[in-house]
Structures are given as C-alpha cells and as structure tokens.
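For reference, the structure is listed below as structure tokens.
It should be emphasised that the depicted structure is a prediction, and the values quoted were computed from it without experimental measurement. In what follows, residues are counted from 1 in the order of the sequence shown.
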Amino acid sequence: MVIEIDDKSGFCFGVVRAIGLAEEALRQGTVYSLGDIVHNEMEVKRLGALGMETVGHDSLGRLGAGSTVLVRAHGEPPGVFDRARAEGYRVVDATCPVVANLQGIVRRAYRDMKQAGGQVVILGKKGHAEVVGLAGQVGGDVIVVENMDDLGAVDFERPVYLLSQTTQSLSLFEEISREIKHLAADPGAVTVHDTICRQVANREPHLGGFARRFDVVLFVSGRKSSNGKVLYGVCRGANPRTYLVEDCGDLRAEWFAGAGSVGIGGATAPPRGLREPGARKAGAGGISPCGRDGSGRTAVTPARNTVTGGAGNNHEKTPCPGHRVRGEIKLKIWILRNTYCDRCVI
C-alpha cells in the first residue's frame, strides 16, 4: 500500500506566528490564551505543558495584575484590548497579519457605507472568533451571512459592501456575490472585496486533485477548525472515501478495505511535522528528519513494521498484512502529530 502525505498541508503563516509568539512569552512564565490558540487539541496540550492556560473572556478581571494575555490569530474587537490593558495585563497580540489587515478593511468599508447609506455584509460563520473580531471593529453593525438563506437580512435597496472571513470557501463567496448583484436594485452600488486568505483558497483546487488520486483519503484536522471543515468538504466532494481524523484513535480498519493507496492531507492548522518529506510513502518506508526530542529518527520498514526513535518506541514484531497496513497509517498520523523539533521547517 502506498501512503502519501500532501506536502502542501501544514500550519498556516498566521498560526506559526501565533505559536512562536506564545512560546517566546512562555519563557517568562504563564500565558493566558483567550480561547484555544489553534483548533488543534494536540498543539493546545503541548503548549499547555509549557505553561499556557486557555481562558474565556469572562476571566478578564479575575487574572492577577501583570498577567500575560495572548490574543490568538483570529483577532479580537478593540474593546477586548482596551479592557485587558485597563486591568494591567501584558497583552501579546498574535492576530494574524492577514486578519489584522481585514479588520482595517472592515473599518474603512463601514465608514464608506455610512456615508452612502449602505451596509457591510460579511460572509462568515456566526459566532466564530474571527467574525466576532471583525464585527467588533465597528460595534457589531454588520450583517453576517453563512449561506444563501441568510441573504434575507440584506436590504437590496441600499448599497452593499461584501467581505469575507479569511477561511471561507472561495466558491461560496463567488456564489453569494453573484446573488447579491442579481438581487440588488442597483448592481453598481454593490462592492465585492474578496478577503479570503489565499493559503486557504489556493488549496481548494489542489486538494480536489490530491483526493482524486487515492483510493482512500485521511483528512487530519481539529473538529472545531472552520477552514478544516471547508477543506474536508473539498476532499469529500472529490473522493467519497475521505475521512476526517483528529488522532489515531479515529482510524477504522474497514475504511481501508480493498485500498491500494491512501492520501493524507490536512487543514492549515493541523499538527506540526506534517511536511516531513520522508514520511510521504509508508509503502516504501517513511523516514522523518528528527524525533520529537530533536535527536533521533523515526522509521517504518514495510517488512517488519518496526518503529524506532522519536518518542522511544521500539516494537520488533511482525504483524499480519492487515495489521501492518493499519500500523503504517497510524505511524503516519503519529508523525503528523508528534515528530517535530526546533530544527523542523514548518
């Protein structure tokens, strides 16, 4: 069986930056993250072991003076920054630069629409942290739509400025924009500003092609990840035998019945180590450049399914072919989640 990892999967720039800022701040002591720093349970646990605590907004005011509070890549409304600083907290702003730029676009769009008697419409998931932060730039005076059914909230007699959450589907955004122009009393008064992050959008056609190449596809993503849901849908649309997995415990032997090839991809915020080049083909024996401690190698040999190095595993037994295949797939997921060190290139 050939098992290939999509080398275009991995942490997006905004997440890499946020984690780097968190790790730097953690050298000084406990860091309180307003919500999960990333929709990835394993990474949250790893940072938790270093001293990061995930807290809600209701904790502001209850933390000790001088505490370090991290604003994650999704961003926050200005009021959150104001309150945290008023409480005497040190604020680490890990807002993704793409999101921060979009926040500025929302403020300018709102100003223009106020002057024109129009409205700002944002395609996004209601209640999502990024969308809350975007709406909060203008006191929540925007219309958030998730799908075509939500367009009933838009007044098509007035000008419209359409924007998008950075991790939305490009095809859905284009569909929504066409419908708004179609329904608008004056299509010329509709401004469409595509603000979808291209690290997400550009992966949609790639993932479709990737998924079609294999008998079975495993899509590694946190279940709370918005971009994970979008990209999983792309894979599932291209290959019905696509399965969402968060860790090895999700794997089911029946998924691989009769399969000769398995593709493993992920969202823009799956676990680190996803891009280890030697881990792409388990059928030929995958080699990872380093173990979790940065000193070893992680390998699987198809004949004996032996795992050595990394986390210190060393299993010298020869399984039946069925167990060997499942073991190889589990090793690939293990590599995705656990094989990284300071020398790894993400």
Side-chain angles (χ1 to χ4, degrees), residues 12-15 39 71-81 93-204 225-231 233-234 267-269:
C12 68
F13 163 74
V15 171
H39 294 313
V71 172
R72 54 189 175 165
H74 296 310
E76 290 284 353
V80 173
F81 287 88
D93 185 3
T95 305
C96 171
V98 175
V99 174
N101 180 63
L102 175 53
Q103 290 175 344
I105 294 172
V106 169
R107 292 192 295 270
R108 292 189 294 273
Y110 182 76
R111 179 198 60 205
D112 294 344
M113 288 297 98
K114 272 295 184 183
Q115 294 175 351
Q119 61 220 296
V120 174
V121 178
I122 298 176
L123 172 63
K125 182 180 179 181
K126 297 172 184 176
H128 186 278
E130 180 188 327
V131 176
V132 171
L134 295 175
Q137 302 301 310
V138 294
D141 191 13
V142 300
I143 300 170
V144 178
V145 299
E146 294 187 355
N147 49 49
M148 300 285 276
D149 293 339
D150 290 339
L151 291 180
V154 178
D155 182 355
F156 293 103
E157 298 297 322
R158 300 163 54 203
V160 174
Y161 198 121
L162 176 65
L163 302 160
S164 177
Q165 178 183 348
T166 60
T167 54
Q168 280 292 309
S169 163
L170 182 57
S171 59
L172 177 59
F173 181 77
E174 292 172 344
E175 183 181 6
I176 291 286
S177 65
R178 285 194 299 268
E179 185 66 9
I180 288 176
K181 289 180 178 179
H182 173 71
L183 295 173
D186 179 8
V190 176
T191 301
V192 176
H193 194 155
D194 177 359
T195 53
I196 295 173
C197 175
R198 280 325 189 240
Q199 190 163 358
V200 175
N202 290 344
R203 292 197 56 224
E204 290 191 30
S225 170
S226 288
N227 79 78
K229 291 176 182 177
V230 170
L231 297 177
V234 170
T268 53

In short, Leu151 meets Phe156 closest at the heavy-atom pair O-CE1, 3.5 Å
Where do Gln165 and Ile122 come nearest, in terms of heavy atoms and distance?
-> N-CG2, 4.1 Å
Roughly how far apart are Thr167 OG1 and Lys229 NZ, rounded to 0.5 Å?
-> 10.5 Å
Can you name the closest pair of heavy atoms from Ala129 and Arg72 and give their distance?
-> CB-NH2, 3.2 Å
d(Met113 CE, Asp141 CG) to nearest 0.5 Å is 12.5 Å
Straight-line distance of Glu76 CD to Gln103 CD, nearest 0.5 Å | 9.0 Å
Which pair of non-hydrogen atoms, one from Thr95 and one from Gly75, has the smallest distance, and what is that distance?
-> OG1-CA, 3.5 Å
Please report the shortest heavy-atom distance between Leu172 and Gln168, naming the atom on each side.
-> CD2-OE1, 3.7 Å
Donor-acceptor contacts, no H, no angles, side chain residues 179-197, under 3.5 Å, sequence neighbours left out:
residue : atom : partner : partner atom : Å
Asp186  : OD1  : Gly188  : N            : 3.0
His193  : ND1  : Tyr161  : OH           : 3.1
Asp194  : OD1  : Ile196  : N            : 3.0
Asp194  : OD1  : Arg198  : NH1          : 3.3
Asp194  : OD2  : Arg198  : NH1          : 3.1
Asp194  : OD2  : Arg198  : NH2          : 2.5
Thr195  : OG1  : Ser164  : N            : 2.9
Thr195  : OG1  : Ser164  : O            : 2.6

Nearest 0.5 Å, what's the CD-NZ distance between Glu146 and Lys126?
-> 5.5 Å
Nearest 0.5 Å please: distance from the CG atom of Asp150 over to the CD1 atom of Ile176.
-> 8.0 Å
Is the shortest heavy-atom distance from the side chain of Leu134 to the side chain of Val142 under 4.5 Å?
-> no
Residues Cys96 and Gly14: closest non-hydrogen pair is SG-CA, 3.8 Å
Determine whether Val106 and Leu102 make a side-chain contact, defined as any pair of heavy atoms from C-beta on separated by less than 4.5 Å.
-> yes
At what distance, to the nearest 0.5 angstrom, does OG1 of Thr166 lie from CD of Glu130?
-> 3.5 Å
